[in-house]
Protein chains: 2
Amino acid sequence: MAYEPRIDAMVERFKVLGDKTRLRILVLLQGRELRVCDLTEVLSISQPGVSQQMRRLHKAGFVNERRGGQWIYYTLNMENSLLALLIPTLPKSEEDEKKIMMSKGCPT
Amino acid sequence: MAYEPRIDAMVERFKVLGDKTRLRILVLLQGRELRVCDLTEVLSISQPGVSQQMRRLHKAGFVNERRGGQWIYYTLNMENSLLALLIPTLPKSEEDEKKIMMSKGCPT
DNA sequence: TAATTATATAAGCATATTATTATATGTTAA
DNA sequence: TTAACATATAATAATATGCTTATATAATTA
């Protein structure tokens, strides 16, 4: 493939990773699937805020989404080789883990 | 180490990688050392522009610098594990390679 | 069907980012 | 010491980013 689109894609991927909110989301997604409504609580940002971040993560190929009833479930896309490479290097937050466990979130 | 400073450092590293100019610099630094004046020509940005990017790359631990006379020589810091992991995944630009070879740059 | 809940999109604002120009610092050599 | 060249820092302007609120779309359930 030509150079320009490839380097631009790399830049975009790193831009997506270069944001605290999005990194926190990726870390939280390890080992579980989450919905937008689960994340609003943990991250303390608005629903549209989370929704926009998920769209960005999805567009970059870092997360898969599937609709399940009225929810959309997001999971890590471990087939993404960059993500597979980097995920093990990301620090986990006990704080965020606690919050996600405690949260009654959106009802099941 | 505590979580916050670690995740913040990761975010900063990815931010540094999430810029086309800086990625081009890292790719060009593979296998050679370069000075600011070498890069201004290839990148077509001003000397202070390059200087600022190099400072950012250095602060993030991606490049080493050493003074040699009136110049400062930059090299990749392959001891940086994130960089070591990612460098092989970056596409090279024949265009940029040509330019760096051709360039009379700053005299030796 | 109408009401409720989840998510997406649009517009707007505050802040961050990347370049520029102007100027200062540091090194070499006449 | 002075002139010439390389690099660094400061101030600034244009653009990008990440959130917000308001509103639209989609699925569920009374």
Side-chain angles (χ1 to χ4, degrees), chain A residues 7-26 29 33-60 62-75 100 103-108, chain B residues 7-26 29 33-60 62-75 100 103-108:
Chain A
I7 189 78
D8 289 347
M10 284 304 280
V11 169
E12 171 59 17
R13 281 182 213 119
F14 288 127
K15 273 201 164 85
V16 169
L17 294 170
D19 175 84
K20 192 168 180 173
T21 299
R22 287 190 292 267
L23 275 196
R24 287 173 71 194
I25 293 172
L26 291 177
L29 280 172
E33 55 183 7
L34 292 173
R35 300 158 293 179
V36 170
C37 58
D38 293 312
L39 286 163
T40 52
E41 217 180 313
V42 181
L43 302 171
S44 314
I45 63 179
S46 66
Q47 175 271 314
V50 174
S51 182
Q52 285 160 13
Q53 300 292 29
M54 298 318 291
R55 201 149 45 79
R56 191 102 190 260
L57 286 166
H58 183 250
K59 210 165 184 184
F62 292 134
V63 302
N64 305 120
E65 56 177 72
R66 70 172 178 85
R67 182 171 277 280
Q70 79 194 293
W71 297 283
I72 292 176
Y73 292 90
Y74 290 93
T75 52
I100 207 80
S103 104
K104 300 120 205 160
C106 18
T108 322
Chain B
I7 189 77
D8 288 346
M10 285 303 282
V11 169
E12 172 58 16
R13 281 180 214 121
F14 287 127
K15 272 200 164 84
V16 169
L17 295 171
D19 176 84
K20 192 167 180 175
T21 299
R22 288 190 292 266
L23 274 196
R24 287 173 71 194
I25 293 172
L26 292 178
L29 279 172
E33 54 184 8
L34 292 172
R35 300 157 293 181
V36 170
C37 58
D38 294 312
L39 286 163
T40 52
E41 219 181 311
V42 181
L43 302 172
S44 314
I45 63 178
S46 66
Q47 174 271 315
V50 174
S51 182
Q52 284 160 15
Q53 298 293 28
M54 298 319 291
R55 201 149 45 78
R56 190 103 190 259
L57 286 166
H58 183 252
K59 209 166 184 182
F62 292 134
V63 302
N64 304 120
E65 56 177 71
R66 70 173 179 86
R67 182 172 278 280
Q70 78 194 292
W71 297 284
I72 292 175
Y73 291 91
Y74 290 92
T75 52
I100 207 80
S103 105
K104 299 122 205 159
C106 19
T108 322

Under 3.5 Å, which donor-acceptor pairs do the side chains of residues 42-49 of chain B form with other protein atoms, sequence neighbours left out?
residue  : atom : partner  : partner atom : Å
Ser46(B) : OG   : Gly49(B) : N            : 3.2

Subject >> Between C1' of dA8(D) and CZ of Arg35(B), the distance in whole Å >> reply: 17 Å
Original post:
Which residue pairs pass the salt bridge (Lys or Arg N to Asp or Glu O under 4.0 Å) test with at least one member in residues 63-73 of chain A, sequence neighbours excluded?
Top reply: Glu33(A)-Arg66(A)
Original post:
Taking atom P of dT18(C) as reference, at what distance in whole Å does atom CZ of Arg24(B) sit?
Top reply: 15 Å
Subject >> Among dG18(D), dT18(C), dT7(D), the nucleotide that comes nearest once only the side chain of Arg56(B) is considered >> reply: dT18(C)
Original post:
Does Arg13(B) have any salt bridge (charged side-chain N to carboxylate O under 4.0 Å, His left out) partners at least two apart in sequence or in another chain, and if so, which?
Top reply: none
Original post:
Is there side-chain contact between Leu17(B) and Leu26(B), with heavy atoms separated by less than 4.5 Å?
Top reply: yes
Original post:
For the pair made of CD in Gln53(A) and P in dG18(D), what is the distance, rounded to whole Å?
Top reply: 6 Å
**OP:** Output yes when at least one side-chain N/O atom of Ser51(A) is less than 4.0 Å from OP1 or OP2 of dA6(C), else no.
**Re:** no
Original post:
Given atom OH of Tyr73(B) and atom P of dA8(D), what is their separation to the nearest angstrom?
Top reply: 13 Å
**OP:** Check side chain to side chain donor-acceptor pair (under 3.5 Å) between Gln70(B) and all other residues, then give those that pass, not counting sequence neighbours.
**Re:** none
**OP:** Check the distance between dT15(C)'s P and Ile45(A)'s CD1 and give it to me in whole angstrom.
**Re:** 17 Å
Original post:
If only side-chain N and O atoms of Ser46(A) are considered, is one of them under 4.0 Å from the OP1 or OP2 phosphate oxygen of dT20(D)?
Top reply: yes
**OP:** To the nearest Å, give me how far apart CG (Leu43(B)) and C1' (dT20(C)) are.
**Re:** 15 Å
Original post:
In residues 9-18 of chain A, what residues come within less than 4.0 Å of DNA chain C, judged by heavy atoms?
Top reply: none
Original post:
Glu41(B) has an atom CD; how far is it from atom C1' of dA6(D), in whole Å?
Top reply: 15 Å
**OP:** Calculate the interatomic distance between Arg55(A) atom CZ and dG18(D) atom P; express it in whole Å.
**Re:** 13 Å
What N/O pairs connect the protein and nucleotides 22-30 of chain D at under 3.5 Å? Give each pair on its own line.
residue : atom : partner  : partner atom : Å
dA27(D) : O3'  : Gly69(A) : O            : 3.4

Original post:
Does Gln52(A) get its side chain close enough to the base of dT20(D), under 3.5 Å, for a donor-acceptor pair?
Top reply: yes
Original post:
Under the 3.5 angstrom rule, does the side chain of Asp19(B) hit a backbone N or O of Val16(B) as a donor-acceptor pair?
Top reply: no
Original post:
Taking only residues two or more places apart in sequence, or in another chain, which ones meet Gln53(B) in a side chain to side chain donor-acceptor pair (under 3.5 Å)?
Top reply: Arg22(B)
Original post:
Can you name the residues that form a salt bridge (charged side-chain N to carboxylate O under 4.0 Å, His left out) with Lys20(B), not counting sequence neighbours?
Top reply: Glu4(A), Asp8(A)
Subject >> Heavy-atom closest pair, residues Tyr73(B) and Gly68(B) >> reply: CE1-O, 3.8 Å
